[in-house]
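The structure appears below as structure tokens.
Each chain gets a letter, A, B and so on, in the order its sequence line appears, and its residues count up from 1. Computed from a prediction, not measured in an experiment: that's the story for all the values here.
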Protein chains: 2
Amino acid sequence: MNTKERIVEEALTLFSEYGYQGTSVKNIADAVGIKDSSLYKHFKSKKEIFDTIVKEMSVRMERMSKEYGLPDEHDMEKAAELYGSISEEGILALSEKIFLFYLKDEFASKFRRMLVIEQYRDREVFEVYRGLFMDAAVSYQTELFAEMTARGVFHGKDPKAMAVNFYAPIFFLLNRYDQQPDKEKEALEALRKQVMEFSRLYK
Amino acid sequence: MNTKERIVEEALTLFSEYGYQGTSVKNIADAVGIKDSSLYKHFKSKKEIFDTIVKEMSVRMERMSKEYGLPDEHDMEKAAELYGSISEEGILALSEKIFLFYLKDEFASKFRRMLVIEQYRDREVFEVYRGLFMDAAVSYQTELFAEMTARGVFHGKDPKAMAVNFYAPIFFLLNRYDQQPDKEKEALEALRKQVMEFSRLYK
DNA sequence: GTCTATAGTTAGATAGAC
DNA sequence: GTCTATCTAACTATAGAC
């Protein structure tokens, strides 16, 4: 990994814990192991580092979703088949994948925390956060449950309400067990319980 | 309102938007309308202002919960009677009270945002945030649903799972519609929909 | 692409006049 | 309890040697 990439990585780590304003250019340079002045050969300002992180995330999201085998956003038939055919087990696998990706993936979890911290300071940041961790998740699952209801896997009257009932507990537990790596087992157990309850209610 | 109280108020407003580190003592003094040096006659440090806010909140929580008529944490019989006797309408009223308190009450909403921003920087802050906005809410409602299930108002197998299914969408929508006062109607409509779905599922 | 040196600004906090 | 003046330290960023 070259110096520019290491700057981005260390900056994200610091931003996700202390925030943008709470992190100085010297903090980042120290973490990388160079002088703060040297950092300006790679980025023309602190703000440019922040913007680079946001751009980098969209690239990683694409790559990760392929690695994790998550179906494409617009390929609902395939998604419904993938998770629908195996019903309860499938839906549990889906929830655990989403959950663990945002809880444990180094870049994704730090990026999420950074957005959480910075969301009120900058409207644009809030929109990225809302889009990625709320709207995208719910609209994806709304389509998924509509498809699964049509196939008779689940019985619900409103796919959007189902999606919120499926995703909100994941979102809640993500926030609840954030920053507590020692309680990962408890977190996964709580998640499993909610998914089972969801399955029971809509079966 | 005296100067000391105004400092606390303006500091909270700034902390809730820009964070502790993103707010300078001069920012606070300017908002109050005094010089930054004058502020040190009221507080011996910036940190002391922050700590005062946290202490002030527990006082306000107590006061507000009485004003809003929310039943005491340990008086579950009364709570179950209050909300249980009127079932669907009652549970909707409960959710709207919680929702609007944390979304619109000046002090409460700013305080919540401040904790969201500062939760990763300070372990103690995280514990306050987790305690107030996650654990307390869920444990309160776990007892409430246990009581309501015993009375035959709802039919569920696991009161904790019910509580998470009830509170997680509230928590999710609180984050989703945060900072969007123009979409309050949409937010309340979404909340109502989730509560109706909850009621339908556990009836 | 790293360093030293430094400019220019702002930070948190104190001293002392009124 | 407000102000002006000031201190020290830290901040973002630039210039220029190697």
- Task: State, to the nearest 10°, the angle formed by the axis through the first five base pairs of the helix from C/dG1-D/dC18 to C/dC18-D/dG1 and the axis through its last five.
- Result: 0°

Going by the rule salt bridge (charged side-chain N to carboxylate O under 4.0 Å, His left out), which residues pair with [X] if we only count those two or more places apart in sequence or in a different chain?
X      : answer
B/K185 : none
B/E197 : B/R200
A/E124 : none
A/E48  : A/K44

- Task: Under the ring-ring contact (aromatic ring centres under 6.0 Å, His included) rule, collect the residues that match up with A/Y167, sequence neighbours excluded.
- Result: B/F172

Just how far, in rounded Å, is [atom2] of [N] from [atom1] of [X]?
X     : N      : atom1 : atom2 : value
A/L39 : C/dT4  : CG    : C1'   : 16 Å
B/D30 : C/dG12 : CG    : P     : 12 Å
A/I34 : C/dC3  : CD1   : P     : 7 Å
B/K41 : C/dC18 : NZ    : C1'   : 11 Å
B/E48 : C/dA13 : CD    : P     : 10 Å

- Item | Summary of salt bridge (charged side-chain N to carboxylate O under 4.0 Å, His left out) pairs that have at least one residue in residues 158-177 of chain B, sequence neighbours excluded | A/D135-B/R176, A/K193-B/D158

- Message: Once side chain to side chain contact (heavy atoms under 4.5 Å, CB included) is applied, do any residues pair with A/F126, and if so which ones, sequence neighbours excluded?
- Response: A/Q119, A/R130, B/Q179, B/Q180

- Query: Are the ring centres of B/Y177 and B/F99 closer than 6.0 Å?
  - Reply: no

- Item | Selection from D/dC3, C/dT2, C/dT4 that lies nearest to any side-chain heavy atom of A/K35 | C/dT4

Close N/O contacts between protein and nucleotides 10-13 of chain D (under 3.5 Å):
from	atom 1	to	atom 2	distance (Å)
D/dC11	OP1	A/S24	OG	3.4
D/dT12	OP1	A/K46	NZ	3.0
D/dT12	OP2	A/V25	N	2.8
D/dA13	OP2	A/Y40	OH	3.2
D/dA13	OP2	A/K46	N	3.0

